[in-house]
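Residue numbering restarts at 1 for every chain, and letters A, B, ... go by the order of the sequence lines.
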Amino acid sequence: MSEERSLNFIEEIVEEDIHAGKNGGAVLTRFPPEPNGYLHIGHAKSICLNFGLANKYNGKTNLRFDDTNPTKEDTEYVDSIKEDVKWLGFDWAEELYASDYFDQLYAFAVELIKKGLAYVDDSTAEEIAAQKGTPTEPGTPNQYRSRTVEENLQLFADMKAGKYPDGAKVLRAKLDLASPNMHLRDPLMYRIKHAHHHRTGDTWCIYPMYDFAHGQSDAIEHITHSVCTLEFVPHRPLYDWFIERLNLFPSKQYEFARLNMTYTVMSKRKLMQLVDEKHVEGWDDPRMSTISGLRRRGYTAASIREFCERIGVAKRENMIDVGLLEFCIREDLNKTAWRRMAVLDPIKLIITNYPQEKTEIMHGENNPEVEGGDGGRDIPFSRELWIEREDFMEEPPKKFFRLGVGLMVRLKNAYIVKCEDFKKDANGNVTEIYCTYIPESKSGEDTSGIHVKGTIHWVSVPHAKTAEVRLYDRLFQVEDPSNEDGDFKDYLNPNSLHIIPSAYIEPDLANAIPGKGYQFIRKGYFTLDKHSTADKLVFNRTVTLKDGWVKK
RNA sequence: UGCCUGAUAGUAUAAUGGUAGUACGACGGUUUUUGGUACCGUUUGUCUAGGUUCGAAUCCUGGUCGGGCAACCA
């Protein structure tokens with residue numbers, strides 16, 4: 001099976017490197033999240049890219065937590081990240097932490113001080129910002145820049161020893177205050193934070209900055225291709241500078257465009273706000289773009305991997321239509337989800353010529369897409385049925401292939417019925433529909449010769465069970481909430497969650513398996529929510545079915 | 001007004017000097033015991049102006065537009 005798909009630009013680079021014999025042909029990538037929040041679909045793109053590269057080119061991928069800022073990080077996030085990566089179907093070679101390298105990084109810093117390439121600065125954050133200049137004006141050196149190596153060594157040791165309060169001093173690289181690249185204007189390497197770290201505890205009160213930790217961590221691990229998103233492009237010269245000055249393994253950084261998706265937000269900061277301010281139930285709320293939210297919603301790992309494959313990898317800004325994600329999950333679930341019947345907005349249908357006490361057991365296959373139907377289940381049928389309110393119209397338009405007086409439909413897996421009459425209450429609402437059935441039209445043994453255009457789903461009234469069903473709509477009302485005027489939360493969709501407290505479901509659904517996808521025929525794909533119990537079933541709608549019927 | 005990036009159908013993504021293709025979407029049709037699926041078809045594109053070349057989406061020059069960069073965040 002030869003894959004015709006063309007290479008993305010990173011794969012091209014990797015192949016060139018392999019052919020050139022670089023690093024002995026080794027490919028070692030890493031996925032480096034900061035454990036300060038839950039992973040989202042954007043991270044999935046990075047995960048699929050990094051692990052995909054390793055899988056494709058016989059390499060390995062490390063999972064490395066970029067835990068250099070103790071005030072924002074927590075083991076809760078470490079645990080969720082590991083769970084999500086595993087669930088997506090990837091195995092990392094090693095589980096590593098930037099904090100594993102704190103001693104080594106400290107030694108690197110000392111080495112740079114000794115080479116005259118780093119100095120301790122006593123300025124405040126504001127002073128440093130002011131002295132950095134602006135993109136059009138060079139920065140200006142301060143008095144601390146010319147401290148002696150000995151003095152810097154002593155002060156840095158004192159910083160480490162806890163002699164100074166937070167913010168009193170920082171260690172900076174002595175680079176180029178006039179550089180057109182702001183990141184090169186004597187970037188900070190270490191800051192003082194008397195904070196408890198989730199792994200190193202209170203061992204340290206100075207912590208390395210991203211720029212002084214990431215590249216060296218890559219180099220220590222001998223990462224060959226360090227893939228990150230576009231906003232790090234201006235950091236690359238710094239990444240290289242530290243590695244060169246310290247004479248480390250020459251890891252190389254490559255950047256791709258991060259994923260943006262319509263009708264959602266894609267930053268941990270914003271997602272955290274939604275959680276903290278209770279706009280959603282939590283990080284795994286099924287409306288969230290988090291991996292855990294998508295999982296709870298009913299998305300499969302395979303569908304997310306397929307999505308990441310389809311969106312491609314390039315360097316231009318992009319905005320992916322959430323419809324593509326929906327296509328991917330439909331494509332997957334269509335092949336695997338068991339078909340069941342559930343009536344979400346019920347109205348009673350009475351078959352007037354069907355015996356009062358009679359019950360028949362109908363048969364329905366689990367999945368018509370699978371050879372043999374993938375097994376099946378029994379469905380009790382009786383005189384009184386629940387059907388969907390929208391499947392009946394008092395005054396049906398021309399191409400309405402459902403019920404209306406005089407119209408015929410097939411009841412899925414059962415008989416063809418003809419609508420004879422209906423009843424309304426005092427408010428004019430339809431309350432009951434009366435039909436007659438064609439006894440010769442039974443599913444599988446139809447000798448009636450009648451062909452109808454429409455088939456509708458149903459649940460037998462006396463046999464019906466109930467479940468809470470949660471229907472989700474997009475979380476935001478606009479395509480790009482982050483790019484609108486004002487706060488992104490102003491654009492939340494107030495109707496993103498619709499709960500049906502008691503929908504009627506066919507009896508077999510009481511045996512629904514957690515984590516499995518079900519297609520409620522004509523209504524969409526559903527899965528059991530994590531809060532579902534035997535006493536109270538709760539289903540989440542993963543996605544609707546594609547609806548080709550447009551009302552006029 | 002500095003530096004870095006990027007620009008191909010509505011949205012993404014290929015074509016690496018030689019036929020602008022694919023997917024999703026939209027639209028139409030066939031099949032169908034899901035208005036689903038499957039299958040078939042239609043639709044729409046190289047930011048702009050020059051240049052190099054037998055030939056340019058691709059190379060060169062100028063412009064236009066988008067994104068990023070001045071956290072003791074990553």
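Closest to the A:Ala125 side chain, of the nucleotides B:rC72, B:rA74, B:rU34, is B:rC72. The nucleotide whose nearest atom lies closest to any side-chain atom of A:Lys412 is, among B:rU33, B:rA74, B:rA70, B:rU33. Picking from B:rA70, B:rG35, B:rU34 the nucleotide with the shortest atom distance to the side chain of A:Thr134 gives B:rA70. Residue A:Arg410 places its side chain closer to B:rU33 than to any other of B:rA74, B:rG2, B:rU33. Ranking B:rU33, B:rU34, B:rU11 by closeness to the A:Asp321 side chain, first place goes to B:rU11. Distances from the side chain of A:Asp66 to the nucleotides B:rC72, B:rA74, B:rG36 place B:rA74 closest. Nearest nucleotide to the A:Lys315 side chain, out of B:rU5, B:rC72, B:rG35: B:rU5.
Checking the phosphate oxygens (OP1, OP2) of B:rA70, no side-chain nitrogen or oxygen of A:Arg185 falls inside 4.0 Å. OP1 or OP2 of B:rA74 has at least one side-chain nitrogen or oxygen of A:Thr68 nearer than 4.0 Å. At B:rU13, one or more side-chain N or O atoms of A:Arg316 fall inside 4.0 Å of OP1 or OP2 (strictly under the cut-off). The side chain of A:Arg191 places an N or O atom within less than 4.0 Å of a non-bridging phosphate oxygen (OP1 or OP2) of B:rA74. Contact between the side-chain N/O atoms of A:Arg269 and the OP1/OP2 oxygens of B:rA74 is not found at any separation under 4.0 Å.
Using a 4.0 Å heavy-atom cutoff across all strands shown, A:Pro368 reaches at least one base atom of the nucleic acid. Among the protein residues, A:Gly454 comes within range of no part of the nucleic acid, since none of its heavy atoms lies under 4.0 Å from any strand. At the heavy-atom level, A:Ser123 lies under 4.0 Å from base atoms of the strands shown. Within 4.0 Å of A:His214, counting heavy atoms only, lies no atom of the nucleic acid at all. Contacts of A:Asn36 with the nucleic acid, taken as non-hydrogen atoms under 4.0 Å apart, are absent. Within 4.0 Å of A:Asn318, counting heavy atoms only, lie sugar-phosphate atoms of the nucleic acid but no base atom. At a threshold of 4.0 angstrom between heavy atoms, the contacts of A:Ala314 are confined to the sugar-phosphate backbone, with no base atom among them. Nucleic acid contact for A:Leu545: base, since at least one base atom lies under 4.0 Å from a heavy atom of the residue. Across all strands shown, A:Lys523 has no heavy atoms under 4.0 Å from either base or sugar-phosphate atoms. At a threshold of 4.0 angstrom between heavy atoms, the contacts of A:Gly167 include nucleobase atoms, whether or not backbone atoms are also involved. Using a 4.0 Å heavy-atom distance criterion, A:Phe400 is classed as a base contact. Residue A:Ile521 is classed as a base contact, given a heavy-atom separation below 4.0 Å to a base. Using a 4.0 Å heavy-atom cutoff across all strands shown, A:Val313 reaches sugar-phosphate atoms only and no base atom. A:Gln519 comes within 4.0 angstrom of a base, heavy atoms only.
Regarding A:Tyr190, its OH atom lies at a distance of 14 Å from the P atom of B:rC73, rounded to whole Å. Nucleotide B:rG68 holds its P atom 14 Å from the CZ atom of A:Phe232, rounded to whole Å. Atom-to-atom, CG of A:Leu175 to C1' of B:rA70 comes out at 16 Å; the value is rounded to the nearest Å. Computed from coordinates, the A:Met261 CE to B:rC24 P distance equals 18 Å when rounded to whole Å. Rounded to an integer number of Å, the gap from CD of A:Glu306 to C1' of B:rU13 is 14 Å. Following rounding to the nearest Å, A:Asn8 (CG) and B:rA14 (P) show an atom-to-atom distance of 7 Å.
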Evaluate A:Arg340 against A:Asn366 for side-chain hydrogen bond (donor to acceptor under 3.5 Å, both in side chains), listing each step before the verdict.
CA-CA 8 Å; A:Arg340 293 294 182 268; A:Asn366 282 330; 2.8 Å; yes

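Under the 4.0 Å criterion applied to side-chain N and carboxylate O atoms, A:Arg64 and A:Asp100 are not assigned as salt-bridge partners. A salt bridge does not link A:Arg522 to A:Glu390: none of the charged side-chain nitrogens sits closer than 4.0 Å to a carboxylate oxygen.
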Let me have a per-nucleotide readout for nucleotides 37-48 of chain B, 5' to 3', with B, S or -, counting only protein heavy atoms under 4.0 Å.
S-----------

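On the P atoms, B:rU61 is 23 Å away from B:rG66, given to the nearest whole Å. Only the C1' atoms considered, B:rA15 is 7 Å distant from B:rG21, to the nearest whole Å. To the nearest whole angstrom, the two C1' atoms, one in B:rC40 and one in B:rU52, are 45 Å apart. A distance of about 13 Å separates the P atoms of B:rA9 and B:rA14, rounded to the whole Å. Nucleotides B:rC73 and B:rA12 place their P atoms 34 Å apart, quoted to the nearest Å.
Within the model, atoms CZ of A:Phe232 and NE2 of A:His214 stand 7.5 Å from one another, a figure rounded to the nearest 0.5 Å.
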